[in-house]
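Everything on this sheet refers to the single structure shown next.
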Amino acid sequence: MEREAVVRLMVFAGVLAVMAMAEQLWPRRARALRRVQRWPSNLGLVLAGTVLVRLVAPASVVSLALLAEAHGWGVLRLLPVPTAMAWVASVVFLDLAVYGQHVLMHRVSWLWRLHRVHHADVDVDATTGVRFHPVEYLLSLGLKGAAVIVLGAPAGAVVLFEVLLNATSLFNHANLRLPPAADRVVRLLVVTPDMHRVHHSIDRDEADSNYGFNLPWWDRLFGTYRPEPRQPHETMPLGVSRFRSAQDQRLGQLLLQPFRKDSGLEAHRAEPGTPNERRT
Ligand SMILES: [Zn+2]
């Protein structure tokens, strides 16, 4: 369990460093705010989420997988599936569960309030990939834990899934310009930054598309896929119209944002966005 935490932290730090360098070399967009106005908050949220999960959750997802293994629980154990197949099926079905959760976060008003913290980032870069309200981290843990027990996912596959999901989230949020030909090929296998940026549009109909974090197939399968945004990637406004100031990006504001008085879903209606202020 200790090793799992170390491996996850190392992969996170490594992928974040590589993405930050790549963003510096091949940026897709000019930033609206300076990094110092966003990064401490985004990284503060992931830290707060990790602490909350450790304090509140009685067990990690991996320990639930070990529990299911010890008791022989789970659909995959009822079927004569070879180990390699069980690993692949676990990763694929856990990814489907996360897709389903993401759709719900957009459809249910109080869940949207929590998830809106992620969407209210006015720039989207690698750190946006881990910018979630601590309560959303806790909810995800509950959902993944339930999925792991129902599936009977092998503990190793769960670790692999968590590491993959974290790495692909950092990648697909990156402010990164991939050559168009590469983007076309990569997005057949994994969600690319251009594909996911559509999901961060200020316009509701675009934000309610491309829910995938890891595998791009669920959006195509369930009709939520949008290949391109209406406006060019370089200028399309990102974020949530109500929370666009530098002040709104402070850690304290982000922690309180879901509990502010307003009508959750309504605050994210399709409004024409204000163009991003440019800063080089
Ligand atoms: Zn979303």
Side-chain angles (χ1 to χ4, degrees), residues 12 16 19-20 23 29-57 101-102 104-142 166 169-170 172-175 196-197 199-204 206-208 211 213 236-280:
F12 168 67
L16 181 62
M19 288 303 139
E23 287 177 346
R29 297 163 55 90
R31 293 177 181 278
L33 294 177
R34 282 175 292 128
R35 265 172 291 201
V36 68
Q37 291 172 289
R38 297 172 42 254
W39 280 39
S41 307
N42 290 1
L43 298 175
L45 280 178
V46 68
L47 191 65
T50 309
V51 170
L52 183 73
V53 161
R54 295 261 151 159
L55 288 178
V56 176
Q101 181 199 358
H102 192 182
L104 271 184
M105 299 302 294
H106 278 240
R107 302 270 160 93
V108 180
S109 171
W110 69 272
L111 291 177
W112 168 251
R113 281 166 166 269
L114 288 171
H115 184 60
R116 191 177 56 186
V117 171
H118 173 67
H119 277 263
D121 207 344
V122 287
D123 288 315
V124 171
D125 65 16
T127 64
T128 313
V130 291
R131 166 185 157 134
F132 294 95
H133 196 275
V135 178
E136 183 168 352
Y137 271 109
L138 206 56
L139 285 177
S140 310
L141 179 83
N166 190 236
S169 188
L170 292 170
N172 67 45
H173 286 90
N175 178 26
H196 193 67
R197 196 174 300 104
H199 181 78
H200 282 269
S201 167
I202 202 168
D203 291 332
R204 180 73 200 222
E206 291 187 330
D208 288 345
Y211 292 101
F213 270 109
M236 65 180 284
L238 305 176
V240 174
S241 51
R242 244 198 93 174
F243 304 103
R244 297 183 60 75
S245 69
Q247 169 83 12
D248 290 323
Q249 306 301 324
R250 296 220 178 120
L251 182 58
Q253 293 295 320
L254 294 175
L255 287 169
L256 292 174
Q257 201 203 86
F259 313 106
R260 281 195 184 175
K261 275 204 160 55
D262 70 49
S263 46
L265 281 174
E266 205 187 299
H268 188 48
R269 64 186 180 275
E271 278 174 28
T274 47
N276 281 356
E277 310 150 43
R278 290 308 185 91
R279 199 185 293 254
T280 46

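Just so it is clear, the values below take in all heavy atoms, side chains as well, and ignore hydrogens, waters and symmetry mates. Sequence positions, counted from 1, serve as the residue numbers for this chain.
- Applying the side-chain contact (heavy atoms from CB on, under 4.5 Å) rule to L52 yields the partners V56, P134, L138; only residues at least two apart in sequence or on another chain are considered.
- Between the CZ atom of F259 and the CZ atom of R113 there is a distance of 9.0 Å, given to the nearest 0.5 Å.
- In this structure the side chain of L114 reaches within 4.5 angstrom of the side chain of W110, judged on heavy atoms.
- Residues forming a salt bridge (charged side-chain N to carboxylate O under 4.0 Å, His left out) with E136 (at least two apart in sequence, or on another chain): none.
- L16 places a side-chain heavy atom less than 4.5 Å from the side chain of T127.
- For G239 against R244, the heavy-atom pair with the smallest separation is CA-NH1, 4.0 Å.
- To the nearest 0.5 Å, the span separating CG on N172 from CE on M19 amounts to 9.5 Å.
- When every heavy atom of L251 is checked against every heavy atom of G44, the shortest pair comes out as CD1-C, 3.9 Å.
- Defined by atom type and a distance below 3.5 Å, a donor-acceptor pair is missing between the side-chain atoms of N166 and S169.
- How far CE of M105 is from CG of L139: 6.0 Å, rounded to the nearest 0.5 Å.
- H200 is linked by a ring-ring contact (aromatic ring centres under 6.0 Å, His included) to H118, H119, H173, H196, counting only residues two or more places apart in sequence or in another chain.
- Atom-to-atom distance recorded for R260:CZ and L256:CG is 8.0 Å, nearest 0.5 angstrom.
- Note: H199 and H106 have tilted aromatic rings, judged against thresholds of 30 and 60 degrees for the angle between ring planes.
- Side chain of D123 to backbone of A32: a donor-acceptor contact under 3.5 angstrom is found.
- Closest approach of F132 and Y137 over heavy atoms only: O-CE1, 3.5 Å.
- No side-chain donor-acceptor contact under 3.5 Å links N42 to the backbone of V130.
- Within the 4.5 Å cutoff, no side-chain heavy atoms of Q101 are placed close to those of H115.
- Here the side chains of F243 and V117 are not in contact, with every heavy-atom distance at 4.5 Å or above.
- Listed here is the closest heavy atom pair of L254 and S41: CD1-CB, 3.8 Å.
- With no hydrogens or angles considered, no side-chain donor-acceptor pair links Q257 and R242 at under 3.5 Å.
- Between the CG atom in L111 and the CZ atom in R116 there is a gap of 12.5 Å [rounded to 0.5 Å].
- Nearest heavy atoms, S201 versus M236: CB-CE, 3.6 Å.
- Pairing each heavy atom of Q253 with each of D248, the nearest pair is CB-O, 3.9 Å.
- Atom CG of L45 sits about 10.5 Å away from atom OG1 of T50, to the nearest 0.5 Å.
- With D125 as reference, R38 is the one residue of R197, R38, R131, R34 to meet the salt bridge (charged side-chain N to carboxylate O under 4.0 Å, His left out) rule.
- The backbone N or O of W39 sits nowhere less than 3.5 Å from a side-chain atom of Q249 that would complete a donor-acceptor pair.
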